[in-house]
> 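To start, I am sharing the structure in question, which I have written as structure tokens.
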Amino acid sequence: MKRFCLAASLLLTGCAVGPNYRHPQTPDTPEKAAFVDPGLTKVSPGPTQGQWWHLFNDPALDRLIADALAHNTDVRQAAANLRKARGLLSEARTQLLPTTQVSAGYTRSRTGAD
């Protein structure tokens, strides 16, 4: 019993908070809590201009964007190409699943004379 009391007291003392603990202060109004931009952001709020993907200096990305722009001239065609690609991917993934076969049979025979 002494061991239990000792273990319980040790566990409960770990949960104690110091005497000088104070709840953090939160602002009363949203105006006080508004985020302030220190002016360090390098993102402009306007629309992107030009070919922004060239900033990455990645020839593979440049090739993929060029292919996408060449083969997807309008939104409907792009959506159809996306559905086609997803269908092909789904078909390729189903070939990785195991297959099963089920068969049934019945045989009746009589031996001897009636």
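For clarity, every value in this text was computed on a predicted model and none was experimentally measured. Below, all heavy atoms of this structure are taken into account, side chains as well, without hydrogens, waters or symmetry copies.
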> Is there a path of hydrophobic side-chain contacts, each under 4.5 Å between heavy atoms of I/L/V/M/F/W/Y residues, joining L69 to L61?
yes
> So which atom in N81 and which in H71 form the shortest heavy-atom distance, rounded to 0.1 Å?
ND2-O, 3.4 Å
> CH2/W53 to CG/D58 distance, rounded to the nearest 0.5 angstrom?
13.0 Å
> Would you say I65 and F56 are hydrophobically clustered, going by side-chain heavy atoms of ILVMFWY under 4.5 Å?
yes
> Quick check for you: to the nearest 0.5 Å, what is the distance between Q51 atom CD and L55 atom CG?
10.5 Å
